[in-house]
S.K.: 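Take this structure, written in structure tokens, and hold onto it; I'll ask about it next.
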Amino acid sequence: MNSNMKDTLIHLAKAIAVPLVVWAVMELIDRSTVGMGVINNAADFKTLFRNLISSLAFALAISTNLQCGRMDLSMGAQMYAGVIFGGNIALMLGLNGIGILILSMLVGGLCGLVIGLIFVNMRILPMVLGLGMTLVFECVCFAINNQQGVIFFGQPGVEVLSNITFIIIVTALIVLVSHYLFQFSRFGFRYRAIQGSQKLASDAGINIFTNCVISYIIAGVLVACAGVFTTAYSGSLAPVLGMSSNGQVFSNMFPMVLGAWIGSMCDNREIGVLMGAVSVNLLTMGLAKLGLASSLQNVIIYGLFLLFMVYNTNKHKIAYAKARKARLALAQKAMAEKAAA
């Protein structure tokens, strides 16, 4: 076995280890408490993948801008706009689920384009711009279609969005296309350069504003994709007001942050986010099997998220303390040997 293959297997093992540990812990808790596992039948497996593709796409969308220092809080509203506008247009045209998915992603990308152009031309702080655009998109979505949003339930051809094979194919495409865009394309090369230093990237001739707009477009496409599968699972998507759409952003922060940590271990951001989404969804399914109220489930999940953030923020201090302890032990050993001599 050559070294490249060995490194790939090691990285893959590191990536898979986290969801396996989460599954093992929740499996033990569930079986000892309620007498059933996290995944017991085909319906549980289908539910896992339905939720996984939404979490994966949304987490990748958040990280697309966040890794360049832009926290876009309008992504939840972009999801609503993409699905409601794209879904209704597709239904009026008589398209099936695949057509709904494509049109919704196009509308989501258009929403991202609008926000990106406003950002690079007006230089409004990303969080402030995101809050403002959230209100705009929410009001626009509420105003159309008699405030009904979009209804997929009972529509012909929409059942493909619940087909497990189709969901797996789209999940694989999201991971592969994202990996190519951010690792091997010209956009990805410039994106990583901007991550290092926007000033140095600009001095090197990279158009940081074009790259920024493309990042917003990609994020808009991904959140619309997530929204389509969420809507197909629930049957409909009703518009919301008062920045309620921001809940979609915050609920997917945990898989994004956990995925970034796993990605740093396996040297692959996209695989890391995928494993982070799998881990969080296994945790959610395990808590649901315990019969806990949704509010208590959220308390546990966000509590674990907070603990993980505390650890992730201070892990360098832990590493420093371990190194300092090792140096002290080595110095004491040297002094003891010198005294004995």
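This one's a predicted model, so the numbers in the text were calculated from it and none came from an experiment.
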S.K.: Tell me whether V21 shares a hydrophobic cluster with L282, the cluster being built from Ile, Leu, Val, Met, Phe, Trp, Tyr side chains joined at under 4.5 Å.
M.R.: yes
S.K.: Which value, rounded to the nearest 0.5 Å, describes the distance between I89 atom CD1 and M92 atom CE?
M.R.: 5.5 Å
S.K.: Minimum heavy-atom separation for L60 and T64, please, with both atom names.
M.R.: O-OG1, 2.7 Å
S.K.: Could you please spell out the steps behind the side-chain contact (heavy atoms from CB on, under 4.5 Å) verdict for C212 and F119?
M.R.: CA-CA 9 Å; C212 172; F119 173 69; 3.4 Å; yes
S.K.: Could you report the tightest heavy-atom contact between R123 and V120, atom names first, then the distance?
M.R.: NE-O, 2.8 Å
S.K.: Is the closest side-chain heavy-atom distance between S251 and Y302 below 4.5 Å?
M.R.: yes
S.K.: Side chain of N88, backbone of G149: donor and acceptor closer than 3.5 Å?
M.R.: yes
S.K.: Once you round to the nearest 0.5 Å, how far does CD1 of I208 lie from OG of S202?
M.R.: 5.0 Å
S.K.: Go through the side-chain N and O atoms of N281 and S55 and say whether any donor and acceptor fall under 3.5 Å apart.
M.R.: yes
S.K.: Kindly determine whether V160 and L101 satisfy side-chain contact (heavy atoms from CB on, under 4.5 Å), including the steps that lead there.
M.R.: CA-CA 10 Å; V160 68; L101 178 62; over 6 Å; no
S.K.: List the atom of V249, the atom of L73, and the distance in Å for their closest heavy-atom pair.
M.R.: CG2-O, 4.1 Å
S.K.: Determine, using the 4.5 Å side-chain heavy-atom cutoff (strictly less than), whether F305 and F250 are members of one ILVMFWY cluster.
M.R.: yes
S.K.: Quick one: pull up CG in L181 and OG in S185 and give me the separation to the nearest 0.5 Å.
M.R.: 5.0 Å
S.K.: Is the closest side-chain heavy-atom distance between L113 and Y216 below 4.5 Å?
M.R.: no
S.K.: For F45 and F49, I'd like to know if the aromatic rings sit close, meaning centre-to-centre distance below 6.0 Å.
M.R.: yes
S.K.: Using the ring pair (Phe, Tyr, Trp, His ring centres under 6.0 Å) rule, take F187 and F182 through it: C-alpha gap first, then chi angles, then the decisive distance, then the call.
M.R.: CA-CA 7 Å; F187 160 78; F182 290 102; 5.6 Å; yes
S.K.: Is the shortest heavy-atom distance from the side chain of I214 to the side chain of I218 under 4.5 Å?
M.R.: yes
S.K.: With side-chain contact (heavy atoms from CB on, under 4.5 Å) as the criterion, how do F166 and I98 come out once you've worked through the C-alpha distance, each side chain's angles and the decisive distance to 0.1 Å?
M.R.: CA-CA 10 Å; F166 181 73; I98 298 176; 3.9 Å; yes
S.K.: Specify the closest pair of heavy atoms between M275 and P19, including all atoms of both residues, with the distance to one decimal.
M.R.: SD-CG, 3.7 Å
S.K.: For T230 and S54, does a side-chain donor sit closer than 3.5 Å to a side-chain acceptor?
M.R.: yes
S.K.: Under 3.5 Å, side chain of T313 to main-chain N/O of V310, donor-acceptor pair present?
M.R.: no
S.K.: Is there a side-chain contact between L287 and M26, using heavy atoms and a 4.5 Å cut-off?
M.R.: yes
S.K.: Working to the nearest 0.5 angstrom, can you tell me the gap between Q248 CD and M253 CE?
M.R.: 14.0 Å
S.K.: Within the side chain of S244, is there an N or O that forms a donor-acceptor pair under 3.5 Å with the backbone of V240?
M.R.: no
S.K.: Got N51 and T284 here, is their nearest side-chain heavy-atom distance under 4.5 Å?
M.R.: no
S.K.: Checking side-chain contact (heavy atoms from CB on, under 4.5 Å) for the pair I300/L292: CA distance, chi angles, key distance, verdict?
M.R.: CA-CA 10 Å; I300 295 173; L292 302 177; 3.8 Å; yes
S.K.: Grouping I, L, V, M, F, W and Y whenever their side-chain heavy atoms are under 4.5 Å apart, do Y233 and L161 come out in a common cluster?
M.R.: no
S.K.: May I ask you to test the K289-D44 pair for a side-chain heavy-atom distance under 4.5 Å?
M.R.: yes
S.K.: Between E138 and S245, do the side chains contain an N or O donor and an N or O acceptor separated by less than 3.5 Å?
M.R.: yes
S.K.: Look at the side chain of E270 and the backbone N and O of V175, then say whether any donor-acceptor pair between them is shorter than 3.5 Å.
M.R.: no
S.K.: S215 versus R70: any side-chain heavy-atom pair under 4.5 Å?
M.R.: yes
S.K.: For Y80 together with F137, are the ring centres under 6.0 Å from each other?
M.R.: no
S.K.: Decide if atom CZ of R327 counts as having more than 12 heavy atoms of other residues, nucleotides or ligands within a radius under 6.0 Å.
M.R.: yes
S.K.: Between E159 (side chain only) and G157 (backbone N and O only), is there a donor and an acceptor less than 3.5 Å apart?
M.R.: yes
S.K.: Taking atom CZ of F189 as the centre, report whether more than 12 heavy atoms of other residues, nucleotides or ligands fall under 6.0 Å from it.
M.R.: no
S.K.: If you take all heavy atoms of V150 and T231, which pair is closest and at what distance?
M.R.: CG1-CG2, 4.2 Å
S.K.: Determine the minimum heavy-atom distance between W261 and V18, stating which atoms define it.
M.R.: CZ3-CG2, 3.9 Å
S.K.: Any sub-3.5 Å donor-acceptor pair from N252's side-chain atoms to P255's backbone N or O?
M.R.: no
S.K.: With rounding to the nearest 0.5 Å, note down the distance linking CD1 in I164 to OG1 in T171.
M.R.: 8.0 Å
S.K.: Tell me yes or no: between the side chains of Q78 and D72, is some donor less than 3.5 Å from an acceptor?
M.R.: yes
S.K.: About how many Å separate NE2 of H179 and CG of L274, when rounded to the nearest 0.5 Å?
M.R.: 12.5 Å
S.K.: Does the side chain of F229 come within less than 4.5 Å of V170's, by heavy atoms?
M.R.: yes
S.K.: Are M71 and F254 co-members of a hydrophobic cluster defined by side-chain heavy atoms under 4.5 Å apart?
M.R.: yes
S.K.: L290, V299: one ILVMFWY side-chain cluster at the under-4.5 Å cut-off?
M.R.: no
S.K.: So does S295 get a backbone contact from the side chain of N298, meaning a donor-acceptor N/O pair under 3.5 Å?
M.R.: no
